[in-house]
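Here is the structure we will look at.
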Amino acid sequence: MSTVLITRLRNGDDSCFKEIYELYHFKVFCFVKKYAAQQSDTEDITQNVFIHLWKYRSKIDPSVELDSILFKSCKQEISKWYNKQNRILSVEDTQLIKELDSNEEAEVNLTSKLEKIEHLLQQIPEKRRKIFTLHKFDEMSYKEIADEMGMSQSAVANQISKTLQYLKKNSVKSHELYWFALVFINHCHSINAFTDFS
């Protein structure tokens, strides 16, 4: 699949570029987020990764996996971003830059887990998913959700409990759900705000 996408991209297929963006944006966003403190910086760097992909599409080697191409570009864009900062890098910043070459595997594992959570949540009933999202991601109370959904607080609690049990049964850990809450909604906003670079 990766080879086919790259071939289409090299031929200037903008619909293929959008497909790649939707497939890989979440992984790229998660990787970049660790190295950029501000949300706006994370979004800018992520956007630059895909701009770079489109700009130099004709030079991409079809035999190289897209994951490798994109994460290499991530490292380059993150390094550029640090170099452009008009400040002295802290010890933490310097360490993060050093980790860029060693952390790719760990980040890929993390994003795979986050994608698993996204997939699992898509499998539950829509109403239950909305209740869970309002509570965990939008930080609404049981009472606020009950008022909005026209149901009792105990019913809200029951739906949330069922979702948590379902995720736990599928080996989702609490810290993974926390990461998902941090990045998933921002990812959705970025997808909606995407502009065509062709």
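Small disclaimer: the values here were computed from a predicted structure and weren't measured. Each residue takes its place number in the sequence, starting with 1. Values below: every heavy atom of this structure, side chains too, minus hydrogens, waters and symmetry copies.
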**Q.** Lys143 and Asp147 ion-paired at < 4.0 Å
**A.** yes
Q | Nearest-0.5 Å distance, CG of residue Asp44 to CD of residue Gln38 | A | 11.0 Å
(Q) Going by side-chain contact (heavy atoms from CB on, under 4.5 Å), name the residues that satisfy it together with Ser161, two or more places apart in sequence or in a different chain. (A) Gln165
Q. Between Glu43 and Gln39, is a side-chain hydrogen bond (donor to acceptor under 3.5 Å, both in side chains) present by the stated rule, with each step listed?
A. CA-CA 6 Å; Glu43 293 172 349; Gln39 176 69 28; 3.1 Å; yes
Q.
Can you classify the ring geometry of Phe29 versus His25 as parallel (below 30°), tilted (30 to 60°) or perpendicular (above 60°)?
A. parallel
Q: Nearest 0.5 Å please: distance from the CG atom of Asn170 over to the CG atom of Leu121.
A: 10.5 Å
Q.
Please find the pair of heavy atoms, one from Gly12 and one from Trp54, that lie closest to each other, and give the distance.
A. O-CH2, 3.7 Å
Q) Hey, does the side chain of Gln159 reach the backbone of Ala155 with a donor-acceptor pair shorter than 3.5 angstrom? A) no
Q. Is there a donor-acceptor contact under 3.5 Å from the side chain of Asp61 to the main chain of Ser63?
A. yes
Q: Could you grab the distance from atom CD of Glu19 to atom CG of Leu9, nearest 0.5 Å is fine?
A: 10.5 Å
Q: Measure the spacing between NZ of Lys59 and CZ of Arg10 and express it to the nearest 0.5 Å.
A: 11.5 Å
Q) Between Leu167 and Phe132, is any pair of side-chain heavy atoms under 4.5 Å apart? A) yes
Q. Quick one: ring pair (Phe, Tyr, Trp, His ring centres under 6.0 Å) partners of Tyr56, sequence neighbours excluded?
A. His52
Q) Do Met149 and Ile131 have side chains that get closer than 4.5 Å, going by heavy atoms? A) yes
Q.
Would you call the rings of Phe17 and Phe50 parallel, tilted or perpendicular, taking 30° and 60° as the class edges?
A. perpendicular
Q. Thr3 and Pro62: which non-hydrogen atoms are nearest, and at how many Å?
A. OG1-O, 3.5 Å
Q. Which heavy atom of Ser152 sits nearest a heavy atom of Ala146, and at what distance?
A. C-CB, 3.9 Å
Q) Ser141 and His135: side chain to side chain contact (heavy atoms under 4.5 Å, CB included), yes or no, with the steps? A) CA-CA 6 Å; Ser141 67; His135 180 59; over 6 Å; no
Q) If you look only at pairs with a residue in residues 121-133, which of them pass as a salt bridge (Lys or Arg N to Asp or Glu O under 4.0 Å), with sequence neighbours excluded? A) none
Q: Could you check Leu53 against Val49 for side chain to side chain contact (heavy atoms under 4.5 Å, CB included), going step by step and ending with a plain yes or no?
A: CA-CA 6 Å; Leu53 180 70; Val49 169; 5.8 Å; no
Q: Please step through side chain to side chain contact (heavy atoms under 4.5 Å, CB included) for the pair Val28 and Phe71, ending with a clear verdict.
A: CA-CA 7 Å; Val28 172; Phe71 280 110; 5.6 Å; no
(Q) Any heavy-atom pair between the side chains of Asp41 and Val32 that's under 4.5 Å? (A) no
Q: For Leu23 and Leu66, run side chain to side chain contact (heavy atoms under 4.5 Å, CB included): C-alpha distance rounded to whole Å, both residues' side-chain angles, the deciding distance at 0.1 Å, then the answer.
A: CA-CA 11 Å; Leu23 283 171; Leu66 261 175; over 6 Å; no
Q | Euclidean distance, Glu77 CD relative to Ile45 CD1, rounded to 0.5 Å | A | 8.0 Å
(Q) Please find the pair of heavy atoms, one from Gln123 and one from Tyr166, that lie closest to each other, and give the distance. (A) CB-OH, 3.4 Å
**Q.** Point-to-point distance, once rounded to the nearest 0.5 Å, from CD of Gln153 to CD1 of Ile145
**A.** 9.5 Å
**Q.** Any donor-acceptor N/O pair, Ser68 side chain to Val64 backbone, under 3.5 Å
**A.** no
Q. Is there side-chain contact between Asn48 and Ile51, with heavy atoms separated by less than 4.5 Å?
A. yes
